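What follows is a set of notes on a single structure, which appears directly below.
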Amino acid sequence: MRRFIKILALVFALSVAAVAESSAQHTIAVTGGTGYATARPYPDQEMKPIWGTYQAGFSWRYYSMPRFIACFGIDVELLQRGFSFAPYPHFYESKKDYKYYKRTINSIIIPIVWQPHFYLFKKHLRIYLEAAPTFSYNFASKFYNEEEYIYAMTEDGSVLPFEAIKEGKYEFRLERDNRFSFGLRGGGGFDLIFGQIEVGVRAMYDFGYSDILRNRNKYYTNNLDGVEKPGENPFYNTPLRSPLDNLTISMKVGFRIGKAGFKEWDWKRPAFPKNKEVFKYTF
């Protein structure tokens, strides 16, 4: 996995260097932050968000001339996703007594960013919004159980309790899990600009469209999960939909490639000469 992350970082750096020009507004940055993760299963489940998820990554931005109000960019990030839900809420009288199953997922996510923005304080403050389609790969996952027992259907059709595994590594299986996913990202933030250095804060919401668990129509062996490895996947039947969402607040430290500053942005189009009318006194 470390080799995979190093390769992604190298490809990102080379691609930025290939397009960078000394006088252009190309900025590279590192980001890191925290937030919460959840899912939107259908049919609905008793869910609660997982707080304290992490995000870390690299970003590249290209800022065009001032008459264009947006920039283009690409990020490569390590994002922790996940969800937590109560498998048996009908066992308890009060919601505060629910016991939850939690699953965390590590993903490499690549947003392709469009960023409208404007400047204040003589271009020392940039305020922006961001929108991006996202593409990701889920490479590792863990699960945690608060319930003592998982109720699962055996091969003869009877439902029996099985002692739940408290925590462990979640094994991705082709017939059950989706490693690749996609979605949309939106958010905003600000950057403080000091020469070639940029420091900023941003808030982003990742809205998933694809499912982390396959549709139950494709996953025909789901009734054996509670028997073979109790507690790994307590969904009695996998949901019809299971997209993942994240809210992340992160810090950003960036560096503008090249020493050229904002003077290049102050160029204005020359005024066109007006037609002069001359009065003739003679016929």
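Basis for what follows: all heavy atoms, side chains included, without hydrogens, waters or symmetry-related copies. Just so we're clear, the structure is a prediction, and the values are computed from it rather than from any experiment.
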Practice item. Take Ile108 and Phe135 through the test side-chain contact (heavy atoms from CB on, under 4.5 Å) and record every step on the way to the result. Key: CA-CA 8 Å; Ile108 296 293; Phe135 306 92; over 6 Å; no
Straight-line distance of [X] [atom1] to [Y] [atom2], nearest 0.5 Å:
X: Glu198; Y: Leu192; atom1: CD; atom2: CG; value: 9.5 Å
X: Tyr151; Y: Phe91; atom1: OH; atom2: CZ; value: 4.5 Å
X: Arg179; Y: Leu174; atom1: CZ; atom2: CG; value: 9.5 Å

Answer yes or no for [X] and [Y]: cation-pi contact, defined as NZ/CZ to six-membered ring centre under 6.0 Å and angle to ring axis within 45°.
X: Arg40; Y: Phe207; result: yes
X: Arg126; Y: Phe118; result: no
X: Lys102; Y: Tyr144; result: yes

Distance flag, aromatic centroids of [Y] and [X], threshold under 6.0 Å:
X: Tyr63; Y: His117; result: yes
X: Tyr149; Y: Phe162; result: no
X: Trp114; Y: Tyr128; result: no

Are a donor atom and an acceptor atom from the side chains of [X] and [Y] found within less than 3.5 Å of each other?
X: Tyr170; Y: Asp177; value: yes
X: Arg214; Y: Ser242; value: no
X: Asp245; Y: Thr38; value: no
X: Ser107; Y: Ser136; value: no
X: Tyr205; Y: Asn246; value: no
X: Ser250; Y: Arg202; value: yes
X: Thr53; Y: Arg81; value: no

Review point. Can Ile105 be reached from Met47 by stepping across I, L, V, M, F, W or Y side chains whose heavy atoms are under 4.5 Å apart?
Key: yes
Looking at [Y], is its backbone amide N or carbonyl O close enough to the side chain of [X] to form a donor-acceptor pair, meaning the two atoms are under 3.5 Å apart?
X: Glu146; Y: Tyr100; answer: yes
X: Asn145; Y: Gly231; answer: yes
X: Arg185; Y: Asp206; answer: no

Lys/Arg N to Asp/Glu carboxylate O, [X] vs [Y], below 4.0 Å:
X: Glu171; Y: Arg176; answer: no
X: Arg103; Y: Glu232; answer: no
X: Lys95; Y: Glu46; answer: yes

Exercise for review: Quick one: closest heavy-atom pair of Cys71 and Arg61, and the distance?
Suggested key: SG-CD, 3.8 Å
**Study point:** Partner of Lys252 by side-chain hydrogen bond (donor to acceptor under 3.5 Å, both in side chains), out of Thr31, Asp191, Thr27
**Key:** Asp191
Check your understanding: Any idea how Phe180 and Tyr137 line up, ring-wise: parallel (<30°), tilted (30 to 60°), or perpendicular (>60°)?
Key -> tilted
Point to revise | Parallel, tilted or perpendicular: rings of Trp51 and Tyr36 (30°, 60°) | key: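 Aromatic pair Tyr36/Trp51 classed tilted.
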[X] vs [Y] side-chain heavy atoms within contact, under 4.5 Å:
X: Phe182; Y: Ile110; value: no
X: Tyr98; Y: Pro89; value: yes
X: Tyr101; Y: Pro87; value: yes
X: Pro234; Y: Phe85; value: yes

Check your understanding: Can you check side-chain contact (heavy atoms from CB on, under 4.5 Å) on Phe58 and Ile28, steps first, answer last?
Key -> CA-CA 7 Å; Phe58 303 92; Ile28 57 174; over 6 Å; no
Point to revise | Passing option when Gln55 is tested against Ile109, Ile249, Leu79 for side-chain contact (heavy atoms from CB on, under 4.5 Å) | key: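 Testing each of Ile109, Ile249, Leu79 against Gln55, the sole residue satisfying side-chain contact (heavy atoms from CB on, under 4.5 Å) is Leu79.
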